[in-house]
Amino acid sequence: MRASQLFFPTLREVPAEAEMISHRLLLRGGFIRKVAAGIYDYLPLGYKVIKKIEKVVREEMDAQGAQEILMPAIVPAELYQETGRWNLDVLFRLKDRNDRDYSIGFTHEEVVTDIIRRDLRSYRQLPLNLYQIQSKGRDEARPRGGTVRGREFIMLDAYSFDRTWDDLDRAYDKMYAAFSRTFARCGLAPLVVEAESGAIGGKENQEYMVVADSGEDIILVCEKCGYAANAEKAEIGERPVKKSDDELQPLELVDTPNARTIEQVTSFLKRSPKKLVKTLIYKAGEQVVAALVRGDRDLNEAKLASMLGVKSVEMADPETILRVTKADVGFAGPVGLDKSVKIVADREVQGMMNFVVGGNKTDAHYINANIGRDFEVSEFGDLRVASKGDPCARCENTLTTVRGMEVGHIFKLGTLYSEKMGAGFLDDDGQEKPFIMGCYGMGVSRMLAAIPEVNSDQDGMVWPISVAPFEVVVILLNPDDEAQCNAATRLYEELQQQGVDVLLDERDERPGVKFKDTDLMGAPIQVVAGRLAGEGKVEVRLRSTKSKEEISIDDATAHVLELRRKLYQESEDKAQAVAVNPQLH
Ligand SMILES: [Zn+2]
């Protein structure tokens with residue numbers, strides 16, 4: 001490709017809304033352009049990177065025996081209705097001319113399960129893994145960061161079907177290897193963290209998180225034992241409770257007019273939120289539950305549900321709160337609560353004394369409440385969202401936090417979808433059994449952003465060779481100089497003949513512009529045909545280290561091929577090092 005013919009509209013000024021490094025660089029370099037919120041064009045350079053990421057994905061998926069298919073982007077409502085997902089907020093819904101409902105596919109568990117229930121009948125046809133790379137639509141409330149969280153995005157989604165749970169473990173490990181190797185080859189070294197399963201459902205699952213300050217997710221990490229989990233999931237270790245030796249103060253009901261929030265109560269009573277206990281009223285089925293956490297902490301609903309042995313909990317409605325507390329929302333407390341309410345508390349509350357709680361009376365709070373004297377707690381446990389400094393649940397160390405950007409998520413779904421959709425097979429004992437499924441998603445267009453987010457410097461993007469828009473750029477500094485022109489053209493043609501993806505920058509531009517554009521674009525190897533060409537030499541540079549070498553023109557092609565081979569070898573070495581799941585073996 002010649003740069004004079006390449007469409008890459010670079011920008012000097014970037015829109016103020018582009019805050020993330022990768023978003024600014026991709027816009028500046030002419031890789032992407034915004035069409036609408038969360039909806040982007042991929043221009044030639046951006047789409048080249050996308051296609052190279054997809055190539056790596058296909059190689060790794062195929063190597064694990066997965067088979068590529070393509071499912072429709074438009075999904076009939078009936079399929080999502082079968083599993084109860086038709087009403088999710090993220091669906092882009094549409095109607096056909098006959099008033100039938102459809103949605104743009106946002107993930108394809110239902111569609112693929114429908115394929116299998118139609119055409120796969122016997123255990124002999126298992127295991128099976130089908131994958132696709134496709135544009136999906138999700139009506140995200142807050143699209144951000146260019147292609148980081150788009151409303152239309154390109155995704156790999158793979159689905160495994162197995163006969164037994166052990167087979168599912170094997171299928172999952174294969175996808176773990178494929179994902180880990182893909183990210184490594186794309187220049188990413190994500191943390192693999194335990195996560196909540198969210199809207200997809202299922203049991204064991206792990207997220208691949210690229211550590212970046214701009215990441216949306218908070219990850220709790222133990223630097224000692226390697227435990228890593230999303231904040232929604234992270235467990236907090238149990239430690240012996242230290243009761244303070246303060247004297248018990250008398251319980252007192254005090255007026256707190258209009259003070260409902262923690263901020264209002266603490267500023268009115270002039271007490272730290274650490275001396276206050278929040279009482280959150282939930283419903284777990286028919287049971288009303290009061291969950292207590294320290295004033296400065298957040299309750300984790302998944303942990304509450306798990307303690308109560310239910311799938312999910314929901315905040316109690318105002319009528320229920322009025323019935324059990326005899327007060328408006330905002331004044332619930334454990335003292336004098338209706339007897340039907342089960343009181344549970346976070347472990348941290350166990351060590352607290354003389355704390356503030358809601359008064360179960362509008363505009364009133366108790367001060368100096370104490371467990372055992374003023375109310376009883378039926379169970380203590382890990383109920384809150386973990387934060388920095390909390391004890392690790394796997395060792396004696398404490399947890400720290402990093403920010404992460406999710407690039408992949410792998411799930412053991414089990415029979416969640418196959419049972420809902422009646423998708424089963426005949427086993428060798430003649431019994432009809434539901435398929436045991438896994439699903440595996442990777443954000444391809446998000447990787448277009450995640451890679452430069454962590455692989456860039458002040459001059460621009462630094463692409464790993466596997467996914468760079470070009471492997472090599474040959475810069476012809478002065479197109480009017482015959483020696484430079486001959487050197488550049490010769491190397492460009494020789495490299496092309498060797499199968500190298502090379503760009504020749506022969507534009508009629510100042511050298512400074514060419515260097516700037518080349519660094520911004522971020523191709524890993526640069527060959528400069530400049531003044532040295534008169535002496536039979538060119539300069540070969542590496543984008544990542546900015547190292548420069550003078551090489552004779554006769555040797556330059558062989559030298560570049562050797563550099564290229566080494567870069568691919570380094571990426572393969574990294575891929576081999578990460579292919580086994582350390583958390584599960
Ligand atoms: Zn630990």
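Order of listing sets the numbers, starting from 1, for every ligand and every atom in it. Just so it is clear, the values below take in all heavy atoms, side chains as well, and ignore hydrogens, waters and symmetry mates.
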Are Phe153 and Tyr40 near enough that their ring centres are under 6.0 Å apart?
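Centroid separation for Phe153 and Tyr40: 6.0 Å or greater.
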Check: Tyr159 ring centroid to His108 ring centroid under 6.0 Å
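No.
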Which residues and atoms, counting only protein N, O or S, are under 2.8 Å from the Zn ion (ligand 1)?
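As for protein N, O or S atoms lying under 2.8 Å from the Zn ion (ligand 1), they are Cys222 SG, Cys225 SG, Cys392 SG, Cys395 SG.
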Sequence neighbours excluded, which residues qualify as side-chain contact (heavy atoms from CB on, under 4.5 Å) partners of Arg403?
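side-chain contact (heavy atoms from CB on, under 4.5 Å) check on Arg403 returns Ile218.
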Judged by atom type as modelled, is there a donor-acceptor pair below 3.5 Å linking the side chain of Gln576 to the main-chain atoms of Arg181?
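No, because the side chain of Gln576 does not come within donor-acceptor range (under 3.5 Å) of the backbone of Arg181.
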Between Arg24 (side chain) and Ala18 (backbone), is there a donor-acceptor pair under 3.5 Å?
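Flag set: sc Arg24 to bb Ala18 pair under 3.5 Å.
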Between atom CG of Leu276 and atom CZ of Arg297, what is the distance when rounded to the nearest 0.5 Å?
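It is 13.5 Å, given to the nearest 0.5 Å.
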